[in-house]
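The first residue of the sequence shown is numbered 1, and numbering continues consecutively from there. It should be emphasised that the depicted structure is a prediction, and the values quoted were computed from it without experimental measurement.
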Amino acid sequence: MDIKVESKAISENNDFITRSYVIDGSKSFRIMIIKKGEWEHFPRPLAEILFELVTLYLQEAGNGLSEKGIIYLCYFAKHPLCEDSESWHIRTIYLAQKVYQWCEQPMIYELAHEMTHYIARHMLKDDSWLEEALAMTASYYFVKKMENFYRNKISPVDLSIANGLALYYERQKRKVAKRPKSISKWYLNNQTTLEGDLDSEIARQLHREFATYFLPQFYQEHSNIWRTICHLPSRCDSDAGQLSRWLQACREDNTDIHVQYIMDQLAIPNTCL
């Protein structure tokens, strides 16, 4: 069952385009697009697309929000980033995309990734390869989710958005080889690289591979798998320790079955027994 998300009307002034949300009747959340620099003339229709993504994300993972949350969204030329903050529930997310035709495709991909870091609530120094891989999974998953959302609408503009997202999704998936016969062997062969520099290109490729290997589990109908993200512990001494703590934390809302599946596929034992 989806988390109940009520979207408020979009407001706009010279500095921001804003949408507010109410989650499960009590939690308030707001995302504010900063109209500055390359985004000074940020188009309202593009903002509406990104706000739809936020709605879909909150419906699946909004349980991880505090009573009040704010994301400031703005442009940063170098790379997308969920910036550290003294208050984890008020953070700035930077996207590395200027405004151009079809820019909603990479923007959706980047925003879904960075929102996963926001929901996980960790500082950058506490990020783990697992969190990066799950954020990459979110990129793939929500691009496809947004494609389906717009395909169910009837206007030619919406259909064009859906077709563009479908092509973008396939281009991203083509970067990854076919699923290996044994994911546990894949993990064993790449464990040292996974635990190394998270920002290296080879590590990012491994994150893509993890994402595509586990996407079928995330696509299960009526799954509550995205609710596990808020329970993900920060970087630990070992993958087994981090996953075991994650498994325990997810038992409070009966989402531990999803973590157990990941552990089984990677052949990682539960160290908290």
Side-chain angles (χ1 to χ4, degrees), residues 57 60-61 64 79-82 106 108-120 122 124 126-145 168-220 223-247 249-250 255-270:
Y57 201 111
E60 301 213 32
H79 54 78
L81 174 71
C82 183
I108 289 168
Y109 188 88
E110 292 181 2
L111 181 54
H113 184 115
E114 300 307 327
M115 278 199 68
T116 306
H117 292 308
Y118 176 83
I119 294 293
H122 300 141
L124 289 174
D126 296 321
D127 280 0
S128 62
W129 77 261
L130 182 59
E131 183 174 328
E132 285 296 331
L134 290 167
M136 189 72 76
T137 307
S139 294
Y140 284 100
Y141 177 88
F142 284 101
V143 166
K144 193 67 175 176
K145 189 99 174 176
Y168 185 82
Y169 178 84
E170 292 303 323
R171 285 200 302 272
Q172 297 305 313
K173 285 199 69 178
R174 282 198 294 270
K175 295 178 180 180
V176 178
K178 292 182 179 179
R179 179 186 175 102
K181 291 182 178 179
S182 171
I183 294 180
S184 62
K185 287 184 179 179
W186 168 87
Y187 167 71
L188 190 62
N189 291 337
N190 295 291
Q191 186 175 4
T192 301
T193 306
L194 284 167
E195 294 172 352
D197 181 4
L198 298 179
D199 293 324
S200 70
E201 185 49 45
I202 189 170
R204 291 185 182 278
Q205 179 61 23
L206 292 174
H207 301 157
R208 293 186 195 101
E209 291 175 10
F210 175 98
T212 56
Y213 300 160
F214 282 96
L215 271 173
Q217 181 73 5
F218 282 80
Y219 281 139
Q220 287 188 45
S223 172
N224 56 5
I225 192 168
W226 287 105
R227 300 190 191 199
T228 65
I229 299 300
C230 69
H231 300 304
L232 181 68
S234 58
R235 185 193 293 261
C236 196
D237 291 338
S238 68
D239 291 345
Q242 183 183 26
L243 279 153
S244 298
R245 288 167 53 204
W246 191 23
L247 182 73
C250 287
T255 56
D256 54 301
I257 185 175
H258 306 299
V259 181
Q260 187 63 65
Y261 175 83
I262 293 173
M263 294 177 73
D264 290 345
Q265 291 295 303
L266 298 176
I268 292 178
N270 182 358

Quick one: do the [X] and [Y] side chains pair a donor with an acceptor below 3.5 Å?
| X | Y | answer |
| --- | --- | --- |
| H79 | E110 | no |
| D256 | W246 | no |
| N224 | T255 | no |
| Q242 | S128 | yes |

TODO: State whether R204 and D199 are salt-bridged, where the test is any N-O pair (Lys NZ or Arg NE/NH1/NH2 against Asp/Glu carboxylate O) under 4.0 Å.
DONE: yes
Task: Basic-acidic side-chain contact under 4.0 Å: K145, E60 - done: yes
For the atom pair [atom1] ([X]) and [atom2] ([Y]), what is the distance rounded to the nearest 0.5 Å?
| X | Y | atom1 | atom2 | answer |
| --- | --- | --- | --- | --- |
| I257 | D264 | CD1 | CG | 10.0 Å |
| H117 | L232 | NE2 | CG | 10.5 Å |
| H113 | T137 | NE2 | OG1 | 9.5 Å |

TODO: State yes or no: are the ring centers of F210 and F214 separated by less than 6.0 Å?
DONE: yes
Are [X] and [Y] side-chain neighbours, meaning at least one heavy-atom pair lies under 4.5 Å?
| X | Y | value |
| --- | --- | --- |
| Y109 | P80 | no |
| S182 | Y187 | no |
| V176 | Y140 | yes |
| S244 | M263 | yes |
| W226 | Y141 | yes |

TODO: Ignoring hydrogens and angles, tell me if any N or O in the side chain of E132 forms a donor-acceptor pair with the backbone of A203 under 3.5 Å.
DONE: no
TODO: Would you check if the side chain of Y213 reaches a backbone N or O of R208 as a donor-acceptor pair within less than 3.5 Å?
DONE: no
For [X] and [Y], which heavy atoms make the closest approach, and how far apart are they?
| X | Y | result |
| --- | --- | --- |
| I225 | Q217 | CD1-CG, 3.8 Å |
| Y57 | A112 | CE1-O, 3.7 Å |
| D239 | Q191 | OD2-NE2, 4.1 Å |
| T193 | I202 | CG2-CG2, 3.7 Å |
| C82 | E114 | N-OE1, 3.0 Å |
| A211 | A133 | CB-O, 4.3 Å |

- [ ] Enumerate the residue pairs fulfilling salt bridge (Lys or Arg N to Asp or Glu O under 4.0 Å) with a member in residues 183-197, sequence neighbours excluded, ordered by first and then second residue.
- [x] none
